[in-house]
Amino acid sequence: MSLAAYCVICCRRMGTSTPPPKSSTYWRDIRNIIKFTGSLILGGSLFITYEVLALKKSLTLDTQVIEREKMKSYIYVHTVSLDKTENHGITYQARKELHKAVRKVLATSARIFRGPFADYQYRIIAQACDMRTLTGLARSKDSDLRFFLRPPPLPSLKEDSSTEEELRHLLASLPQTDLDECIQCFTALALSESSQSLAAQKGGLWCFGGNGLPYAESFGEVPSATVEMFCLEALVKHSEIPTHCDKIEANGGLQLLQRLYQLHKDCPKVQRNIMRILGNMALNEHLHSTIVRSGWVSILAEAIKSQHIMEASHAARTLANLDRETVPDKYHDGVYVLHPQYRTSQPIKADVLFIHGLMGAAFKTWRQQDNDQDLTEKVSEDETKYTTCWPKSWLARDCPALRIISVEYDTSLSDWRARCPTERKSIAFRSNELLRKLRAAGVGDRPVVWVSHSMGGLLVKKMLLEASKRPEMNTIINNTRGIIFYSVPHHGSHLAEYSVNIRYLLFPSLEVKELSKDSPALKTLQDDFLEFAKDKNFQVLSFVETLPTYIGSMIKLHVVPLDSADLGLGDLIPVDVNHLNICKPKKKDAFLYQRTLQFIRDALAKDLEN
């Protein structure tokens with residue numbers, strides 16, 4: 001204001017004063033212009049310098065990643081004042097807007113004159129970041145991996161020891177009493193086979209030892225790698241128990257698992273089991289600081305960027321469990337978020353849940369396209385088989401306001417090939433187990449659409465019926481908007497009747513037995529759910545295959561016939577594919593996907609508009 005008044009006075013003096021000699025007037029005008037521009041430059045420079053220094057003092061990080069993370073605004077190393085009076089008022093808002101403008105100017109000038117951060121600057125920031133900041137950066141989509149320090153050096157192995165032996169000692173150090181039958185089975189098998197392996201290796205001779213059966217199927221595998229897999233599968237089960245997680249951490253398990261992860265970079269199956277253990281341990285908040293200090297966050301930040309959906313999803317689950325600042329939900333083993341896997345400013349308005357069926361999985365069931373494979377043939381371990389997942393690549397793009405979850409659980413056609421011989425899990429048992437995990441993940445807090453294939457549809461029906469009987473689960477019922485059934489055998493399947501193929505169906509599993517057409521439990525489930533669904537006015541869409549599926553090399557079977565796929569409610573659409581491909585659209589504009597997308601949008605129309 002004073003500067004403007006001074007300019008006006010000068011102008012008036014120049015206009016009203018007596019015309020001086022020509023040369024005198026010329027130099028006086030020059031002096032006045034110098035005074036005016038000098039005052040303007042000096043005052044502006046002081047103002048900008050003050051604001052830039054104030055900004056530099058308050059701002060710790062200024063990266064493109066932080067700019068994009070609107071939910072968390074900007075990441076600071078120092079805590080923000082809790083005095084609310086400091087964060088309101090015209091002055092505060094004006095300075096906030098000015099700081100934003102200056103930030104853009106500084107970022108632009110940095111790109112033009114200085115370029116990106118130097119490596120040493122990234123290291124300085126990495127050393128200054130606390131646990132929450134590191135986790136936030138790891139869950140930011142475009143974060144630079146140089147923000148993360150390398151994991152600390154791993155302790156040396158004991159003399160005359162190996163990772164296999166250390167892994168066995170870790171497993172043996174865990175409590176072996178008061179465990180369920182399946183954990184006991186995995187632990188006993190792992191300890192037995194590892195002791196036989198170690199004895200044979202130290203004696204210079206390899207023998208099958210123990211039950212020997214697991215190796216009979218693959219003579220080409222290195223015994224130590226096979227034994228390590230047994231130990232890791234047992235540790236996955238143990239890590240579901242919080243007190244056992246404490247034991248794993250106390251006995252150096254985090255460092256040992258990291259060593260195994262680095263040694264088996266070419267073995268995705270080993271790495272996935274390690275990620276499962278780590279994800280289970282991250283459910284316990286008191287272990288978060290130890291997990292971060294051990295250097296796992298930098299490994300997870302790299303894994304979540306992987307092109308392989310399974311590797312990225314396992315890392316995303318662990319990081320979400322570590323991120324208590326923005327993720328209130330807990331993701332137990334087998335519950336994977338396909339979208340969003342990073343922190344996002346996009347508000348999530350509804351959930352879509354994918355439940356696979358018999359012999360399916362959280363990722364391979366929802367592949368884009370399938371070959372005419374055996375129903376019982378294991379999908380190749382080639383990771384390219386899993387990179388295409390239409391719920392993640394198509395649905396997330398078409399409906400970004402959805403949280404998309406895929407669920408995984410173990411199933412088998414026969415007890416002969418069951419992963420846990422003592423495991424006898426009925427549909428009722430599995431539904432209660434999944435219901436508990438899904439509720440912990442926040443399912444029911446938003447509107448829900450269920451998408452199921454084959455036996456997965458029976459699980460959905462049983463889960464909803466069980467939830468209706470528990471007051472704490474009522475939100476799941478109240479927020480269920482619709483259900484999609486892909487070839488679900490509501491009235492049973494002929495699969496259980498075919499036991500001529502000795503390898504697979506000589507000892508049909510409990511899951512297969514429950515699918516028989518004369519199963520009383522299946523009939524009761526159908527009658528109860530149909531009445532319940534009509535009462536709740538659920539929207540339902542069903543698809544059914546019209547082509548037979550090859551099971552083994554001898555059986556060609558129409559797994560779910562038209563009459564069995566008819567729930568008695570909603571539309572039933574026959575599709576000219578087999579049972580495997582009924583949930584695998586060939587391309588994005590295929591009828592299967594477009595009709596599924598239309599149903600989801602219609603069922604959630606009101607919720608997505610709000």
Side-chain angles (χ1 to χ4, degrees), residues 351-362 365-366 375 391 405-409 411 425-435 438 443 448-468 476-477 480-496 510-517 519 521-534 536 538-545 549 558-575 577-584 592 595-596 599-600 603:
D351 291 336
V352 177
L353 274 60
F354 288 82
I355 317 292
H356 68 79
L358 194 63
M359 295 296 292
T365 293
W366 314 107
L375 180 64
I405 292 177
S406 189
V407 173
E408 182 158 294
Y409 56 95
T411 65
K425 291 188 176 180
S426 64
I427 290 175
F429 180 90
R430 290 193 188 281
S431 66
N432 283 317
E433 187 177 47
L434 290 178
L435 193 61
L438 291 175
V443 173
V448 182
V449 170
W450 304 79
V451 182
S452 59
H453 174 235
S454 191
M455 192 185 80
L458 303 180
L459 283 173
V460 170
K461 291 161 63 175
K462 189 64 176 177
M463 278 192 286
L464 291 174
L465 286 172
E466 289 298 319
S468 67
I476 294 179
I477 303 301
T480 293
R481 299 289 188 265
I483 311 169
I484 297 176
F485 295 113
Y486 288 110
S487 286
V488 174
H490 301 291
H491 304 280
S493 170
H494 295 294
L495 185 65
L510 181 57
E511 294 106 316
V512 173
K513 291 176 183 177
E514 286 191 320
L515 297 181
S516 62
K517 284 186 170 292
S519 169
L522 198 62
K523 186 178 186 307
T524 301
L525 176 62
Q526 166 62 15
D527 294 341
D528 290 349
F529 182 78
L530 182 58
E531 181 182 356
F532 173 71
K534 288 180 177 178
K536 294 298 181 180
F538 290 155
Q539 297 184 52
V540 175
L541 174 64
S542 301
F543 297 95
V544 60
E545 78 250 26
T549 304
H558 199 159
V559 179
V560 180
L562 187 68
D563 59 336
S564 182
D566 187 4
L567 176 67
L569 182 67
D571 294 335
L572 176 63
I573 303 175
V575 184
V577 293
N578 63 23
H579 187 71
L580 291 175
N581 291 333
I582 189 65
C583 56
K584 299 175 179 66
L592 259 177
R595 185 66 182 90
T596 297
F599 177 85
I600 292 173

Determine, step by step, whether F485 and H490 satisfy the ring-ring contact (aromatic ring centres under 6.0 Å, His included) criterion, reporting the C-alpha distance in whole Å, the side-chain angles of both residues, the deciding distance to 0.1 Å, and the verdict.
CA-CA 10 Å; F485 295 113; H490 301 291; 4.9 Å; yes
Return each pair, listed once, that meets side chain to side chain donor-acceptor pair (under 3.5 Å) where at least one residue sits in residues 450-459; pairs must be two or more places apart or across chains.
W450-T480, S454-H579
Just jot down the salt bridge (charged side-chain N to carboxylate O under 4.0 Å, His left out) partners of D571, sequence neighbours excluded, or say none.
R595
Residues forming a ring pair (Phe, Tyr, Trp, His ring centres under 6.0 Å) with F599, sequence neighbours excluded:
none
The criterion is side-chain hydrogen bond (donor to acceptor under 3.5 Å, both in side chains); which residues satisfy it with K523, sequence neighbours excluded?
D527
At what distance, to the nearest 0.5 angstrom, does CD of E531 lie from CG of L465?
10.0 Å
Do V488 and L458 come close enough that some side-chain heavy atom pair is under 4.5 Å?
yes
Across all chains, not counting sequence neighbours, the ring pair (Phe, Tyr, Trp, His ring centres under 6.0 Å) partners of F543 are Y486
Heavy-atom closest contact (M455 atom, I427 atom, distance):
CG-CD1, 4.5 Å
Do you know the tightest heavy-atom contact between R430 and L459?
CB-CD2, 3.7 Å
Could you name each residue pair satisfying salt bridge (charged side-chain N to carboxylate O under 4.0 Å, His left out) that touches residues 451-467, not counting sequence neighbours?
K462-E466, E466-K469
On a heavy-atom basis, which atom in L580 and which in N578 lie closest, and how many Å separate them?
N-OD1, 3.1 Å
Looking only at atom types and distance, does a side-chain atom of S564 sit under 3.5 Å from a main-chain N or O of G492, one as donor and one as acceptor?
yes
Find the distance between CH2 (W366) and CD1 (I355) and round it off to the nearest 0.5 Å.
8.0 Å
Within the structure provided, determine whether I573 and L541 are in side-chain contact (heavy-atom separation under 4.5 Å).
yes
How about L435 and I476: do any of their side-chain heavy atoms sit closer than 4.5 Å?
yes
Restricting to non-hydrogen atoms, name the atom on S487 and the atom on I582 that form the minimum distance, rounded to 0.1 Å.
OG-CG1, 3.6 Å
Heavy-atom side-chain contact between V575 and N581 under 4.5 Å
no
So, the side chain of S542 versus the backbone of L572: is there a donor-acceptor pair under 3.5 Å, distance only?
no
Looking only at heavy atoms, which two atoms of L438 and M463 are closest? And how far apart?
CD1-SD, 4.0 Å
For G357 against Y409, the heavy-atom pair lying closest together
CA-OH, 3.8 Å
Less than 4.5 Å apart, side chain to side chain, heavy atoms only: is that true for H356 and E408?
yes
Is there side-chain contact between P574 and L562, with at least one heavy-atom pair below 4.5 Å?
yes
Testing L464, L567, V448 one by one against I483 for a side chain to side chain contact (heavy atoms under 4.5 Å, CB included), which residue passes?
L464
